[in-house]
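To start, the structure under review is shown below, and the notes come after it.
Note that the numbering runs from 1 along the sequence shown for the chain. Values below: all heavy atoms of this structure, side chains included; hydrogens, waters and symmetry mates excluded.
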Amino acid sequence: VLVIGGGDTGNDCVGTSIRLGAKSVTQLEMMPKPPVSRAEDNSWPEWPKILKTDYGQSEAIYKFGEDPRVYETTVTEFVLDENKSVRQAKIVKLERQADKRGGMTLVPVEGSEKVIPADLVLIAAGFLGSQKYVTDAFGVEVNARTNVATAPDSYKTNVDKVFVTGDMHRGQSLVVWAVREGREVAKEVDFSLMGYTNLT
């Protein structure tokens with residue numbers, strides 16, 4: 001299993017993958033590895049910008065003997081088999097460089113390419129709101145937070161037979177909420193199509 005991204009969602013993906021029997025788990029993070037203790041410019045009462053190892057990474061360390069996180073790394077390509085199923089990922093190290101606007105950007109490190117196994121890829125990247133081209137394509141209304149609007153306690157949008165769930169419904173949240181909402185919207189879609197549902 002390859003998990004792309006960190007935070008709570010990435011941690012949940014790692015832990016869940018292990019509990020479901022993954023033979024290996026790799027978690028890619030684009031940013032540098034945080035320090036173990038506070039830096040001088042990160043004193044109390046600021047939020048501590050330090051390395052945190054949550055339950056998912058702890059379970060990976062216990063099961064596989066090493067931290068699953070690979071820092072300053074991203075995917076450049078997925079390698080598919082003859083059935084178009086992912087089998088490997090080409091990854092590359094990243095380094096920070098100053099850009100023309102005075103900020104920093106991440107660029108690939110030449111010669112750092114590597115191929116790793118991957119039968120399942122989970123994207124745990126941060127959610128910054130729904131993409132306008134997607135909501136426009138479906139003709140769905142959005143609220144002030146750019147989440148797709150629905151009636152209270154429903155997953156129906158303003159467009160007939162178009163439903164929404166997960167981050168586009170509730171905003172940035174945890175994988176466990178996406179799983180729960182996925183089950184709930186399946187029940188609502190089933191009822192919409194059949195007039196009844198046996199899903200629980």
Side-chain angles (χ1 to χ4, degrees), residues 1-81 85-97 104-129 165-184:
V1 174
L2 174 61
V3 178
I4 301 174
D8 292 334
T9 302
N11 175 65
D12 287 344
C13 289
V14 170
T16 301
S17 297
I18 291 169
R19 293 173 189 198
L20 292 175
K23 291 184 176 140
S24 70
V25 179
T26 302
Q27 182 180 10
L28 300 185
E29 302 231 17
M30 293 177 72
M31 301 308 290
K33 184 175 182 178
V36 175
S37 56
R38 285 179 184 261
E40 285 187 27
D41 63 351
N42 180 220
S43 61
W44 187 90
E46 292 179 353
W47 181 261
K49 298 172 190 164
I50 57 173
L51 179 67
K52 296 179 181 79
T53 301
D54 212 329
Y55 77 92
Q57 289 93 23
S58 295
E59 289 179 26
I61 293 166
Y62 178 80
K63 181 164 185 177
F64 303 120
E66 61 184 2
D67 195 317
R69 293 172 287 190
V70 180
Y71 293 93
E72 297 178 291
T73 304
T74 193
V75 174
T76 58
E77 183 182 345
F78 294 110
V79 179
L80 309 179
D81 64 16
S85 297
V86 67
R87 287 293 170 254
Q88 296 176 317
K90 294 182 180 178
I91 62 174
V92 66
K93 295 296 280 180
L94 299 169
E95 64 182 359
R96 296 178 69 178
Q97 286 186 1
M104 297 299 285
T105 187
L106 296 170
V107 297
V109 175
E110 195 172 327
S112 67
E113 296 83 5
K114 186 173 157 182
V115 177
I116 61 171
D119 297 315
L120 175 65
V121 178
L122 302 172
I123 310 290
F127 181 75
L128 300 175
T165 189
D167 287 357
M168 286 186 70
H169 177 245
R170 68 181 292 115
Q172 183 175 352
S173 191
L174 302 175
V175 168
V176 290
W177 273 109
V179 171
R180 178 182 175 190
E181 288 205 350
R183 293 174 62 92
E184 290 176 350

For residues Ile61 and Glu66, determine if any side-chain heavy atom of one lies less than 4.5 Å from a side-chain heavy atom of the other.
->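 Answer no - side chains too far apart.
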Close side-chain approach of Val75 and Val121, heavy atoms under 4.5 Å |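 Sidechains of Val121 and Val75: no contact.
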Between [atom1] on residue [X] and [atom2] on residue [Y], distance to nearest 0.5 Å:
X      : Y     : atom1 : atom2 : result
Lys114 : Gln88 : NZ    : CD    : 12.5 Å
Ser58  : Asp67 : OG    : CG    : 8.5 Å
Asp167 : Thr9  : CG    : OG1   : 7.0 Å
Lys52  : Asn11 : NZ    : CG    : 12.0 Å
Thr74  : Lys93 : OG1   : NZ    : 11.5 Å
Lys63  : Arg19 : NZ    : CZ    : 11.5 Å

Heavy-atom pair with the smallest gap, counting every atom of [X] and [Y]:
X      : Y      : value
Cys13  : Ala124 : SG-CB, 4.4 Å
Ile18  : Glu59  : CD1-C, 3.9 Å
Gly182 : Thr165 : N-OG1, 3.6 Å
Val14  : Gly56  : CG1-O, 3.4 Å
Leu94  : Val109 : C-CG2, 3.9 Å
Val92  : Ser112 : CG2-OG, 3.1 Å

Under 3.5 Å: donor-acceptor pair, side chain of [X], backbone of [Y]:
X     : Y     : answer
Arg38 : Glu46 : yes
Ser17 : Ala22 : no
Ser85 : Asp81 : no

CA sep, side-chain torsions, deciding dist, call: Thr76, Lys90, side-chain contact (heavy atoms from CB on, under 4.5 Å) = CA-CA 6 Å; Thr76 58; Lys90 294 182 180 178; 3.5 Å; yes
Show the atom names and distances, to 0.1 Å, of all donor-acceptor pairs under 3.5 Å that link a side chain in residues 23-36 to residues at least two apart or in another chain.
unit_1	atom_1	unit_2	atom_2	d
Gln27	OE1	Gln57	NE2	2.9
Gln27	NE2	Gly5	O	2.9

Return yes when atom CZ of Arg96 has more than 12 non-hydrogen atoms of other residues, nucleotides or ligands closer than 6.0 Å, and no otherwise.
->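 Open.
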Please report the C-alpha distance between Tyr71 and Leu51 in whole Å, then the side-chain angles of each, then the deciding distance to 0.1 Å, and finally whether the side-chain contact (heavy atoms from CB on, under 4.5 Å) criterion is met.
-> CA-CA 12 Å; Tyr71 293 93; Leu51 179 67; 3.2 Å; yes
Would you please test Glu184 and Arg180 for side-chain contact (heavy atoms from CB on, under 4.5 Å) and show each step?
-> CA-CA 6 Å; Glu184 290 176 350; Arg180 178 182 175 190; 2.9 Å; yes
Between Asn42 and Trp47, does a side-chain contact (heavy atoms from CB on, under 4.5 Å) hold up when you go through it step by step?
-> CA-CA 8 Å; Asn42 180 220; Trp47 181 261; 5.8 Å; no
